[in-house]
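Single-structure report; data block below.
Nothing here was measured: the structure is a model prediction, and the numbers come from that model.
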Amino acid sequence: MPEVLGPRADLSLTEDTEALRAVQGIAVEYNRIATTLSDQPRAYAPRFGRTADGHTDPTPWCDGFGRAVRPRRRLWKRLLDTSRAEFRMIDPILAHASPATARALLGPKAVNLSLPEGNPAPTIAAAVVTLRGYWMPDRAKASRSSR
C-alpha cells in the first residue's frame with residue numbers, strides 16, 4: 001500500500017481523491033478474487049503480465065506474492081522450509097519469482113528451484129487454491145475469536 005498511500009500511509013482517504021479510488025479498486029479486485037476462490041476455486045486464474053514478445057510473464061505476480069509473505073515470514077515458516085512437504089504448496093510460485101524474491105524468502109536454498117515446463121498459470125492457480133485451503137482453519141479460528 002505504500003505505493004498508493006505514500007510512505008506515511010495516510011489513511012485519511014477523502015472523497016474524490018486518487019488514493020480513495022485506488023484503494024476502492026484494490027478492494028473490488030480483492031473481493032472478486034476472494035469470491036472466486038470461495039465459490040469457484042477451479043475458475044481462479046491469476047492475472048499475469050506479458051513480456052515484450054507477448055509471452056506470459058508470471059514473475060511480477062510471483063514477486064508481489066513474495067512481498068506479501070515477507071513481513072509475515074514467521075507465520076509462513078513451515079511452507080518456506082524446502083525440506084518439508086508443505087513447501088510443495090508454495091514452490092510453484094517461488095519457482096517463477098525473481099531470484100531476488102526467492103532468495104529473500106528461502107536464502108541459499110532458492111538456487112534449487114526449477115521452473116516447470118509449459119504454461120505456469122494453471123500450476124500457480126492450483127498453488128493459490130491449495131494455500132487458501134491450508135490457511136482457512138486459521139482464518140476461521142481468528143474470525144471466531146474476534147467476535
Self-check item: Closest non-hydrogen atom pair between Y134 and E86, with its separation
Solution: CE1-CG, 4.3 Å
Quiz item: Looking only at heavy atoms, which two atoms of M89 and A127 are closest? And how far apart?
Solution: O-CB, 3.3 Å
Quiz prompt | Shortest non-hydrogen contact from P92 toward T123 | solution = CB-CG2, 3.6 Å
Quiz item: OG1 of T101 to CG of D63: how many Å apart, nearest 0.5 Å?
Solution: 3.5 Å
Practice problem: Would you name the heavy atoms of R67 and P71 that are closest together and state the gap between them? | Solution: O-CD, 3.1 Å
Quiz prompt | Non-hydrogen atoms of R73 and L105 that approach each other most closely | solution = CD-CD2, 3.8 Å
Quiz item: Can you check whether R50's main-chain N or O pairs, donor with acceptor, with T56's side chain at less than 3.5 Å?
Solution: no
Self-check item: Euclidean distance, S98 OG relative to R103 CZ, rounded to 0.5 Å
Solution: 8.0 Å
Quiz item: Going from CD1 on I124 to CG on N119, what distance comes out if it is rounded to the nearest 0.5 angstrom?
Solution: 8.5 Å
Exercise. Fit a plane to each ring of W76 and W135, take the angle between them on a 0 to 90° scale, and name the class: parallel (under 30°), tilted (30 to 60°) or perpendicular (over 60°).
Key: tilted
Quiz item: Out of curiosity, D81 CG to L106 CG, how far, rounded to the nearest 0.5 Å?
Solution: 9.5 Å
Self-check item: Donor on one side chain, acceptor on other, D57 and T51, under 3.5 Å
Solution: no
Practice problem: Inspect the surroundings of CZ in R72 and state if more than 12 heavy atoms from other residues, nucleotides or ligands are less than 6.0 Å away. | Solution: no
Quiz item: To the nearest 0.5 Å, how far apart are CZ in R88 and CG in L79?
Solution: 11.5 Å
Quiz item: Looking at R21 and E18, does any basic side-chain N land under 4.0 Å from a carboxylate oxygen?
Solution: no
Quiz item: Where do F65 and L131 come nearest, in terms of heavy atoms and distance?
Solution: CZ-CD1, 3.7 Å
Quiz item: Roughly how far apart are K77 NZ and R84 CZ, rounded to 0.5 Å?
Solution: 9.5 Å
